[in-house]
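These numbers come from a predicted model, not from an experiment.
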Amino acid sequence: PVPNTFVLGVWFACRSVGFVLDRGSLIAEMSLSVTNRQAPGRDCSDAGEVGLEKKLKVRDADETRRRLLQAAKAEFAKNGLGGARVDEISDRAQANKRMLYHYFGSKDDLFQTVLEQAYLDIRNAEQRLQLDSLAPKQALETLVRFTWNYYIKNPEFITLVNSENL
């Protein structure tokens, strides 16, 4: 017989990845699985050959962090630091709110990271202009045009900077 705590643990694990099992079928499958050394099936109507048919979602820390930053940038640009909501950011990023705090510490730290990234983005784009190779007047004109166009194409940048300056 399979211990109830083990069955309950497997049931919760299955539920967390979208498997639907009822306790009675799970105990029967677990008993079969333990003797046959197979994983429990996905559905209690699947009493035949069992195996994990649903692919588990692969966790990618860098991708989750990137999505959180992107969602935070949009939320902070729209509502400012005071109006932005952590729940909304995590929902937009399709990430757990705990991960936001894990990666960034606090909403203020997240805002600082978003702002730093926004400055890095514009400075990196400026570096690609290679202004050193231009005559001073042409370099200045190129920088002004670039900056104007960057602000038009990235209105969230001005909103973030304004929010920081308040």
Side-chain angles (χ1 to χ4, degrees), residues 8-22 26 39-44 46 50-166:
L8 189 59
V10 170
W11 183 83
F12 276 114
C14 289
R15 294 289 294 178
S16 70
V17 294
F19 287 59
V20 180
L21 298 168
D22 71 80
L26 180 60
R42 184 179 95 187
D43 190 349
C44 58
D46 265 10
V50 290
L52 296 177
E53 295 173 13
K54 182 174 182 174
K55 289 186 179 182
L56 297 177
K57 184 177 179 181
V58 176
R59 295 182 183 182
D60 183 349
D62 292 335
E63 176 61 19
T64 300
R65 193 172 193 283
R66 186 197 64 73
R67 286 193 326 266
L68 284 166
L69 281 171
Q70 185 178 6
K73 183 178 184 180
E75 181 69 10
F76 288 134
K78 180 180 176 188
N79 299 311
L81 175 60
R85 298 290 172 250
V86 173
D87 289 327
E88 182 63 28
I89 293 168
S90 59
D91 286 348
R92 278 185 188 198
Q94 296 178 341
N96 191 308
K97 183 168 63 170
R98 290 175 296 177
M99 296 313 294
L100 185 147
Y101 289 111
H102 171 74
Y103 292 129
F104 303 103
S106 69
K107 185 170 102 170
D108 289 337
D109 292 340
L110 174 61
F111 180 74
Q112 181 176 347
T113 303
V114 167
L115 194 61
E116 288 171 357
Q117 187 61 54
Y119 275 113
L120 282 173
D121 290 345
I122 191 170
R123 296 303 163 238
N124 288 334
E126 284 175 358
Q127 290 295 319
R128 290 191 296 271
L129 295 175
Q130 300 178 349
L131 298 174
D132 293 341
S133 65
L134 302 175
K137 183 178 178 184
Q138 187 182 9
L140 184 58
E141 185 178 310
T142 301
L143 179 61
V144 169
R145 286 183 192 281
F146 164 79
T147 303
W148 180 257
N149 289 327
Y150 189 88
Y151 291 165
I152 290 171
K153 291 177 184 173
N154 301 281
E156 70 280 351
F157 177 79
I158 293 179
T159 309
L160 290 169
V161 171
N162 286 340
S163 185
E164 173 64 12
N165 290 331
L166 293 178

Measure the spacing between [atom1] of [X] and [atom2] of [Y] and express it to the nearest 0.5 Å.
X	Y	atom1	atom2	value
Arg85	Asp91	CZ	CG	13.5 Å
Leu100	Arg67	CG	CZ	12.0 Å
Tyr150	Ile158	OH	CD1	10.5 Å
Leu69	Leu110	CG	CG	6.5 Å
Leu115	Leu120	CG	CG	10.0 Å
Phe157	Asn162	CZ	CG	10.0 Å

Start with the C-alpha gap between Arg66 and Gln70, add the side-chain angles, then the distance that decides, and say whether side-chain hydrogen bond (donor to acceptor under 3.5 Å, both in side chains) holds. CA-CA 6 Å; Arg66 186 197 64 73; Gln70 185 178 6; 2.8 Å; yes
With the side chain counted from C-beta on, respond yes when Arg65 and Phe104 share a heavy-atom pair under 4.5 Å apart, and no when they do not.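 Result yes, sub-4.5 Å side-chain heavy-atom pair found.
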Less than 4.5 Å apart, any side-chain heavy atom of Asp109 and any of Tyr103?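 Side-chain contact under 4.5 Å: no.
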Given Ser90, which of Met99, Arg98, Lys97 fulfils the side chain to side chain contact (heavy atoms under 4.5 Å, CB included) condition?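 Result: among Met99, Arg98, Lys97, Lys97 is the only option passing the side chain to side chain contact (heavy atoms under 4.5 Å, CB included) with Ser90.
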Thinking salt bridges, do Glu141 and Lys137 make one under a 4.0 Å N-O criterion?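 Here Glu141 does not pair with Lys137 in a salt bridge, since their nearest N and O are not under 4.0 Å apart.
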Using a strict 4.0 Å threshold on nitrogen-to-oxygen distance, state whether Glu75 and Lys78 make a salt bridge.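 Salt bridge: no.
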Would you say that more than 12 heavy atoms from the other residues, nucleotides or ligands in this model lie under 6.0 Å from the CZ of Arg123, or not?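 Yes, CZ of Arg123 has more than 12 neighbouring heavy atoms, counting only those of other groups under 6.0 Å.
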On a heavy-atom basis, which atom in [X] and which in [Y] lie closest, and how many Å separate them?
X	Y	answer
Ala77	Leu160	N-CD2, 3.9 Å
Val114	Ala72	CG2-CB, 3.7 Å
Leu81	Lys107	O-NZ, 2.9 Å
Ala71	Ile89	CB-O, 3.5 Å

Under 3.5 Å, is there a donor-acceptor pair between the Asp121 and Gln117 side chains?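 Yes, because at least one side-chain N or O of Asp121 sits under 3.5 Å from a partner of the opposite role on Gln117.
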For Asp62, does its backbone N or O pair with a side-chain atom of Asp60 as donor and acceptor, under 3.5 Å?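 Present.
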